[in-house]
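Data block below; observations after.
Model, not experiment: these values are computed from the prediction. Atoms within a ligand are numbered from 1 in the order they appear, just like the ligands themselves.
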Amino acid sequence: MRLIRRSFVATCVAAAAAAAAMPALAQSKEVKIGYALAINSHYGAAAQAWADSVEKSTSNAFKFKQFPASALGGERELIEGLQLGTVEAVIVSTGALSNFVPDVGVVDIPFLFRDTAHARAVLDGAFGQDLLGKFHKRGLIALAWGEQGFRHLTNNKHAVQNVADLKGLKIRVTENPVHITAFRTLGASPTPMSWPEVIGALQQGTIDGQENPISVLSSAKLWQVQKHLTLSAHVYAPVALIVSPSFWGSLNDAQKAAFTQGAKSGAMASRAFVDAVEKKGVEEAKSHGMQVVEKVDQAAFRKALEPAYKQYATKFGQKTLDAISNTK
Ligand code: PAF
């Protein structure tokens, strides 16, 4: 009898504790977060780290709901969603971003960054942090720079070893004026297209190729639709972790700090993921039959890009370009 009473009391205590926890759960504010790639990509890693950090530091006052794989639309739609307040957070490449925040286009200049360490130093330093600040007057709150890696070229026509091999190739590029200028200057036929259309267009042959980092190649299994990979490393690809201004306006200072810290954790998670996938991704592509050109003569590509560099200097200012180049 005493045993039954004790277990009855224990059940009541557990039920009371659960009931006490419930209002906290019920009050969790949902944070919809959208991104273009699969949940097991560098974007998924960033979103999860961001979610874990915010949920923990706010004692679950917020609950992230992930919308991976372009479920909320292409990157342009995601950015517009932030401005409209229909999505609270996104992780996007700079592909479509410079149509909203033109100053961002500077980081898309080919061969601007010497290597990953240089790019990270610029983005984590004063220049990159100032750039985040420029999102505000464009109706966006950017909190951190994550990473995709350096972009490389894939196509179905032939191995691209040098600039001449690009002639006439229909290459899908992001809706990014800096990238479009670069590929046009190199003699290719750049075709701006939103990411959700790319795999279908490659399958149907309406484009010959595309360019993206190893992280994307691996996540999207591009070897299923592309034969040739050229490790051109022509452009460094950062990603921005951004929240909607209306959502931001609803947060108190402590919550803002939690979201900023969480975005930084997300950015670091994307970089760690990229470091790992870059090591194994090329071997994976080869094992699936991709023909890989391991290296290109980057100096020859830079030379061919000289007319484009003149346009970039006019657009962004030679001083800015030099400041980035001279960052150690
Ligand atoms: O090529 C793009 O549009 C972007 O790199 C992608 C794949 C959507 C990831 O942000």
Close residues, ligand 1: non-hydrogen atom nearer than 4.0 Å: Ala36, Tyr43, Glu75, Ser93, Gln148, Arg151, Arg172, Thr174, Trp195, Asn212, Val216
Pairs involving residues 159-174, ordered by first then second residue, that meet side-chain hydrogen bond (donor to acceptor under 3.5 Å, both in side chains) (sequence neighbours left out): Thr174-His179
Side-chain (Glu75) to main-chain (Ser93) donor-acceptor, under 3.5 angstrom: yes
NZ/NE/NH1/NH2 to OD/OE distance under 4.0 Å, Lys32 and Glu88: yes
Set of residues satisfying ring-ring contact (aromatic ring centres under 6.0 Å, His included) with respect to Tyr236, sequence neighbours excluded: Phe113, Phe150
Pairs where residues 180-209 contributes a residue and the test side-chain hydrogen bond (donor to acceptor under 3.5 Å, both in side chains) is met, not counting sequence neighbours: none
Pairwise side-chain contact, Phe259 with Leu251, heavy-atom cut-off 4.5 Å (strictly under): yes
